[in-house]
*Asks:* 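I'd like to ask some things about the structure below.
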Amino acid sequence: MTNQILSGIRILELGQLIAGPFAAKTLADFGAEVIKVETPGDGDPLRKWRMLHNGTSVWWQAQSRNKQSVCIDLRTEEGRQLARTLALSADVLIENFRPGTMEKWGMGWDELHRANPRLIMLRVSGYGQDGPKRDEPGFAAIAEAMGGLRYITGEPGRAPVRAGVSLGDTLAGLHGALGIMLALYQRDAKGGAGQMIDVALYESVFNMTESLLPEYSAFGAIREPAGGALPGIAPSNAYRCKGGDYVLVAGNGDSIFKRLMVLIGRADLADDPGLARNDGRAGRADELDAAIEAWTRSVSIEAALAGLMAADVPSGRIYSAKDIADDPHYRARGVIEKVRSADGLEVDVPGVMPKLSGNPGAIRQRAPVLGEHTEQVLSNAGLSAAQIAALRAKGVVA
């Protein structure tokens, strides 16, 4: 596709696993050329995470589509010099090593900015490039806890739980992609120079915690875990149906609430002036949840959903992976796309999001095998075939 917004933007990805590579994947979907540097031999550890097919994670097919794989050993001086050479022609460099690593390699922000003033550098780490926790190792699970999310997730009185995915990493990746787009706009539309973007995993989580801090600051209120409910917004919860399935109901809009109460046979609650607005309902959330579940337990989830839809009340079932794969709405929207791996496996992956009307993104190429583009990329960078062969013989590239 020639009309993709980021066509002509070159990204050098030095990160691994999730956060930095997720940012690069997001931009690659909209046309950016992404050169992913991997360690010879094993490559990005994500290649071996979770369920494997012929030795490679099927997750890899989603995370690394639209990327080129170049094997360079950054532990060697020659390898680092190659990476610096690639950085000189890049628009963006993405790294998610522990702070100080790039400086130790002679590739810190100051050095690279002097060599390539147009370069934009995204740095993703657990705690940021400064501060007292800068040098501590940081993973998504720890960031989700420090960012406030883990404390409020789960059932009251039970151990806090985490979401079944690495939210801290992907949220950081999205913040990183946003930062890159802002920096590109400043550079290319406003005539500015390149700049460094400092994204911390815990801050990316913290940024999504809505009223958590303002309520503590104003009232000393510490939000506690509330299971499937959303404290202060009512009624909104998961309710058990006849047969054991749960239906999600979001009846917290003023007019929606009235329709919901009529549906469940509680006109008395619909007409109660004390429940006309959310602040009144929030104080009686337990009463409202009990009334709704008395109705849901008397009907199957199919009957509950049919009634809620007829009453125009936002509702839904809890989706498993199978439910997602089978849902016609996902397919109609193109939110699920099929890719074919290098060894021929067809895999469903999340499609390109967000959707743009004039310049939509696209999955242009499958995820690369390890080192698939080493020779091509280094040749484009000016190395001769003999130079590449010599570096390969030393194990610097593969």
Side-chain angles (χ1 to χ4, degrees), residues 1-13 15 17-38 43-44 46-47 53 56-70 86 89-94 120 122 165 169-185 187-189 321 324-373 376-377 380:
M1 299 180 67
T2 59
N3 68 334
Q4 291 194 299
I5 289 177
L6 296 180
S7 178
I9 297 296
R10 179 175 295 164
I11 297 175
L12 180 63
E13 180 193 308
L17 291 175
I18 306 174
F22 190 87
K25 185 270 293 187
T26 301
L27 302 178
D29 283 350
F30 290 92
E33 175 193 0
V34 174
I35 299 170
K36 179 175 180 61
V37 174
E38 299 188 73
D44 190 324
L46 191 77
R47 289 180 178 272
H53 177 265
T56 300
S57 167
V58 293
W59 185 357
W60 179 256
Q61 308 308 321
Q63 180 84 316
S64 297
R65 70 218 194 176
N66 292 332
K67 297 182 183 181
Q68 303 172 62
S69 172
V70 176
L86 295 176
S89 63
D91 295 282
V92 179
L93 185 149
I94 295 175
I120 293 162
L122 170 62
V165 293
D169 283 317
T170 49
L171 287 174
L174 287 173
H175 279 81
L178 172 61
I180 289 170
M181 293 306 300
L182 292 170
L184 283 171
Y185 181 74
R187 188 194 74 175
D188 296 344
I324 291 172
D326 293 344
D327 191 288
H329 189 80
Y330 270 87
R331 300 289 176 175
R333 292 271 299 163
V335 180
I336 296 175
E337 296 193 42
K338 196 173 290 292
V339 298
R340 187 183 296 273
S341 68
D343 62 4
L345 177 69
E346 285 197 338
V347 182
D348 283 347
V349 298
V352 177
M353 293 163 270
K355 295 183 174 298
L356 276 64
S357 62
N359 302 90
I363 300 177
R364 305 180 307 280
Q365 63 186 50
R366 60 164 172 77
V369 298
L370 185 60
E372 182 174 347
H373 303 94
Q376 171 191 329
V377 169
N380 291 343

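Quick note: residue numbers are just sequence positions, from 1.
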*Asks:* Report the C-alpha separation of I18 and W59 in whole Å, then their side-chain angles, then the decisive distance to 0.1 Å, and conclude whether the side chain to side chain contact (heavy atoms under 4.5 Å, CB included) test is met.
*Replies:* CA-CA 11 Å; I18 306 174; W59 185 357; 3.6 Å; yes
*Asks:* Begin with the C-alpha distance, continue with both residues' side-chain angles, and end with the deciding distance and a verdict on side chain to side chain contact (heavy atoms under 4.5 Å, CB included) for I324 and Y330.
*Replies:* CA-CA 7 Å; I324 291 172; Y330 270 87; 3.6 Å; yes
*Asks:* Is any side-chain heavy atom of D44 closer than 4.5 Å to a side-chain heavy atom of P21?
*Replies:* yes
*Asks:* State, with a plain yes or no, whether a side-chain heavy atom of L86 is found less than 4.5 Å away from one of R10.
*Replies:*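 L86 vs R10: side chains apart.
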*Asks:* Over all heavy atoms of both residues, which pair between N3 and P360 is shortest? Give the atoms and the distance, please.
*Replies:* ND2-CD, 4.3 Å
*Asks:* State, to 0.1 Å, how close A23 and L122 come at their nearest heavy-atom pair, and which atoms those are.
*Replies:* CB-CD2, 3.9 Å
*Asks:* What verdict does the side chain to side chain contact (heavy atoms under 4.5 Å, CB included) test give for R331 and D348, after you've listed the backbone C-alpha separation in whole Å, the side-chain angles of each residue and the deciding distance to 0.1 Å?
*Replies:* CA-CA 11 Å; R331 300 289 176 175; D348 283 347; 3.0 Å; yes
*Asks:* Where do L12 and A90 come nearest, in terms of heavy atoms and distance?
*Replies:* CB-CB, 4.3 Å
*Asks:* Can you see whether S341 engages Q61 through a side-chain donor-acceptor pair at a distance of less than 3.5 angstrom?
*Replies:*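 Absent: no donor and acceptor within the cut-off.
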*Asks:* Using a strict threshold of under 4.0 Å (side-chain N to carboxylate O), is an ion pair present between K67 and E38?
*Replies:* no
*Asks:* Under 3.5 Å, is there a donor-acceptor pair between the side chain of R65 and the main chain of D29?
*Replies:* no
*Asks:* So do N66 and R364 actually touch side chain to side chain, heavy atoms under 4.5 Å?
*Replies:* yes
*Asks:* How far apart are the closest heavy atoms of V34 and E13, and which atoms are they?
*Replies:* CG1-OE1, 3.9 Å
*Asks:* What are the two closest non-hydrogen atoms of S57 and L46, and how far apart are they?
*Replies:*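 Looking at all heavy atoms of both residues, the closest pair is CB-O, 3.3 Å.
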*Asks:* Are any non-hydrogen side-chain atoms of I94 and I180 less than 4.5 angstrom apart?
*Replies:* yes
*Asks:* About how many Å separate CG of L178 and CG of L27, when rounded to the nearest 0.5 Å?
*Replies:*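 That separation rounds to 10.0 Å.
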*Asks:* How far does CD1 of I120 sit from CG of D91, to the nearest 0.5 angstrom?
*Replies:*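 Rounded to the nearest 0.5 Å, the CD1-CG separation comes out at 7.0 Å.
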*Asks:* With respect to Q68, which candidate in K36, E33, Q365 satisfies the side chain to side chain donor-acceptor pair (under 3.5 Å) definition?
*Replies:* E33
*Asks:* Roughly how far, to the nearest 0.5 Å, is the CD1 atom of I35 from the CD atom of Q376?
*Replies:* 8.5 Å
*Asks:* Report yes if some heavy atom in the side chain of V165 is under 4.5 Å from a heavy atom in the side chain of T170; otherwise report no.
*Replies:* no
*Asks:* Which pair of non-hydrogen atoms, one from V369 and one from A342, has the smallest distance, and what is that distance?
*Replies:*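 Heavy atoms of V369 and A342 come nearest at CG1-CB, 3.4 Å.
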*Asks:* With rounding to the nearest 0.5 Å, note down the distance linking CD1 in I336 to CG in D327.
*Replies:*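 If we round to the nearest 0.5 Å, I336:CD1 and D327:CG are 8.0 Å apart.
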*Asks:* Hey, does the side chain of S69 reach the backbone of G371 with a donor-acceptor pair shorter than 3.5 angstrom?
*Replies:*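 Such a contact is found between S69 side chain and G371 backbone.
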*Asks:* Find out whether I9 and L184 are in side-chain contact, i.e. whether some heavy atom of one side chain is under 4.5 Å from a heavy atom of the other.
*Replies:*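 Yes; the side chains approach each other to less than 4.5 Å.
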*Asks:* Start with the C-alpha gap between F30 and N359, add the side-chain angles, then the distance that decides, and say whether side chain to side chain contact (heavy atoms under 4.5 Å, CB included) holds.
*Replies:* CA-CA 8 Å; F30 290 92; N359 302 90; over 6 Å; no
*Asks:* I'd like to know if the side chain of E372 reaches the main chain of A367, judged simply by a donor and an acceptor atom lying under 3.5 Å from each other, with no hydrogens or angles considered.
*Replies:* no
